[in-house]
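This report concerns only the one structure given below.
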Amino acid sequence: MTNIQSRHLAFIGGGNMATAIISGLLSQNSTPPQNITVSEPWDVNRDKISSKYGVRTTTSNAEAASGADVLVLAVKPQVAKDVCRELASSWGEKEKSTLPLVVSIVAGVTMGSLRAWLGEGPRLVRVMPNTPALVGEGASGAYAGEGVGEEDRELVTLLLGAFSKVTEWVEREELIDVVTGLSGSGPAYFFALVEHMVSSATALGMPRDQAERLAKQTCFGAGKMLVSQSESPAQLRINVTSPKGTTEAALKSFNESGFDGIVDKAVKAAVDRAEELGKVLGE
């Protein structure tokens with residue numbers, strides 16, 4: 001059975017998403033801290049990671065990558081090109097079998113760009129996580145590049161399981177952009193809806209602190225119903241909508257305002273922007 005326990009993991013970048021993965025792995029006892037090395041240029045981040053998690057840290061990307069079985073690329077998109085070329089240079093003419101499995105969580109950077117910068121050697125997986133990963137409730141989409149085997153997929157699924165409750169493998173890379181529009185950007189859509197629900201309640205006379213508490217718990221409870229019950233979102237909506245009742249009146253107002261079209265347009269805008277970023281970042 002595939003496991004992470006004996007694998008050496010390198011994290012290139014020690015930001016929020018990298019620390020979310022590390023925190024999840026250690027809290028689940030998936031791997032010992034001595035098997036994790038983090039390359040991070042900022043002293044304050046490096047010291048925080050080292051003291052909090054007990055993992056090894058360095059300022060050298062090449063040092064972190066040396067001997068790693070899995071390398072998580074977790075840098076900002078604008079520096080990904082230089083970092084990848086630095087790693088490729090440090091690997092030189094090493095045999096493919098000695099190179100790590102590279103898992104990129106860099107937003108917008110395509111498989112083609114990663115391959116151009118890293119060379120033909122390493123096996124590549126692209127991942128699109130989302131910010132609920134920071135509280136252990138993430139949802140991730142993953143795409144496997146050429147040469148990635150079933151054991152690699154299992155390893156990545158275990159790795160992402162440290163912070164994702166759901167990991168979906170897509171069979172075409174362009175679907176990673178759809179993942180971006182759905183779950184990557186999705187938390188912001190949700191927060192915007194809650195924001196406006198609270199504003200509506202306060203406009204009708206409710207104190208803001210009360211409105212926020214009620215809205216937060218309502219959305220938390222609804223989300224828990226979504227993941228804990230087998231019924232579809234559509235059926236759950238139907239269940240709570242009594243004929244000629246208050247919920248039906250609200251949903252009718254949504255429909256009259258073109259709610260379906262608003263959501264379709266928003267998700268499509270996020271997907272289109274993800275595609276644009278992939279082209280720009282690859283130049």
Side-chain angles (χ1 to χ4, degrees), residues 9 11-28 30 36 38 40 42 44-45 48-49 52-53 55 72-80 103-110 125-143 156-170 175-199 212-213 215-228 233 262-263 266-278 281:
L9 310 177
F11 288 81
I12 308 301
N16 286 336
M17 206 58 72
T19 55
I21 301 174
I22 293 167
S23 176
L25 288 170
L26 296 180
S27 66
Q28 296 172 15
S30 297
I36 298 175
V38 181
E40 168 57 45
W42 297 100
V44 62
N45 289 351
K48 181 180 178 180
I49 293 168
K52 185 173 183 178
Y53 300 112
V55 301
V72 179
L73 192 62
V75 298
K76 294 184 183 301
Q78 57 266 34
V79 302
V103 179
S104 172
I105 61 173
V106 184
V109 175
T110 67
V125 173
R126 274 189 71 190
V127 170
M128 171 51 63
N130 64 3
T131 54
L134 302 177
V135 292
E137 295 288 346
S140 298
Y143 173 73
V156 172
T157 299
L158 287 172
L159 182 71
L160 299 181
F163 65 81
S164 284
K165 290 296 178 67
V166 172
T167 296
E168 295 292 337
W169 287 88
V170 298
L175 291 178
I176 283 290
D177 292 331
V178 179
V179 172
T180 300
L182 175 61
S183 57
S185 299
Y189 315 155
F190 176 76
F191 298 145
L193 176 61
V194 175
E195 179 185 4
H196 289 297
M197 287 169 62
V198 170
S199 295
E212 286 191 354
R213 286 193 294 270
K216 287 177 181 178
Q217 183 57 39
T218 297
C219 293
F220 177 81
K224 191 168 184 178
M225 290 178 70
L226 271 172
V227 300
S228 64
I262 290 170
V263 175
V267 174
K268 183 64 164 57
V271 173
D272 289 346
R273 182 56 179 157
E275 292 174 354
E276 290 173 9
L277 287 173
L281 293 169

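Index from 1, following the sequence.
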Hey, can you pull the donor-acceptor pairs under 3.5 Å for the side chains in residues 136-143, sequence neighbours left out?
| unit_1 | atom_1 | unit_2 | atom_2 | d |
| --- | --- | --- | --- | --- |
| E137 | OE1 | K165 | NZ | 3.3 |
| E137 | OE2 | K165 | NZ | 3.0 |
| S140 | OG | S164 | OG | 2.6 |

What pairs of donor and acceptor atoms, side-chain ones from residues 270-277 against any protein atom, are under 3.5 angstrom apart with sequence neighbours left out?
| unit_1 | atom_1 | unit_2 | atom_2 | d |
| --- | --- | --- | --- | --- |
| D272 | OD1 | K268 | NZ | 2.9 |
| D272 | OD2 | K268 | NZ | 3.1 |
| R273 | NH1 | E276 | OE1 | 3.1 |

query: Rounded to the nearest 0.5 Å, what separation is found between the CG atom of L175 and the OG1 atom of T180?
result: 10.5 Å

query: What distance do M225 atom CE and S228 atom OG have between them, rounded to the nearest 0.5 Å?
result: 7.0 Å

message: I'd like to check L9 versus L159 (side-chain heavy atoms, cut-off strictly below 4.5 Å). Are they in contact?
response: yes

query: Donor-acceptor pair, S183 side chain versus V179 backbone, under 3.5 Å?
result: yes

message: Taking atom CH2 as the centre, does W42 end up with more than 12 heavy-atom neighbours from other residues, nucleotides or ligands that are less than 6.0 angstrom away?
response: no

field: Close side-chain approach of L26 to I36, heavy-atom, < 4.5 Å
entry: yes

query: Can you name the closest pair of heavy atoms from I49 and G14 and give their distance?
result: CD1-O, 3.4 Å

query: Which atom pair, heavy atoms only, marks the closest approach of G15 to E40?
result: N-OE1, 4.2 Å

- prompt: How long is the gap from CD on Q28 to OG on S23, to the nearest 0.5 Å?
  reply: 9.0 Å

- prompt: Considering all heavy atoms of both residues, which atom of I176 and which atom of R126 are nearest to each other, and what is their separation?
  reply: CG2-NH2, 3.4 Å

- prompt: When you measure from the side chain of S199 to the backbone N and O of E195, does any donor-acceptor pair fall under 3.5 Å?
  reply: yes

task: Indicate the atoms forming the closest heavy-atom contact of Y189 with A266, along with that distance.
output: OH-O, 4.2 Å

task: Look up atom OG1 in T110 and atom CG in L281, then write down how far apart they are to the nearest 0.5 Å.
output: 8.5 Å

statement: dist I22:CD1 -> F163:CZ (nearest 0.5 Å) comes out at 11.5 Å

field: Backbone of G24 reached by a side-chain donor or acceptor of S27 within 3.5 Å
entry: yes

- prompt: Which pair of heavy atoms, one from L73 and one from V106, lies closest together, and at what distance?
  reply: O-CG2, 3.5 Å

statement: To the nearest 0.5 Å, atom OH of Y53 lies from atom OG1 of T19 at 5.0 Å

- request: Output, in order, the C-alpha distance, side-chain angles, deciding distance and verdict of side-chain contact (heavy atoms from CB on, under 4.5 Å) for I105 and F11.
  value: CA-CA 11 Å; I105 61 173; F11 288 81; over 6 Å; no

statement: Correct closest heavy-atom pair for V194 and A215 would be CG1-CB, 4.0 Å

task: List in chain and number order the residues that pass side chain to side chain donor-acceptor pair (under 3.5 Å) with T218, two or more places apart in sequence or in another chain; answer none if no residue qualifies.
output: none

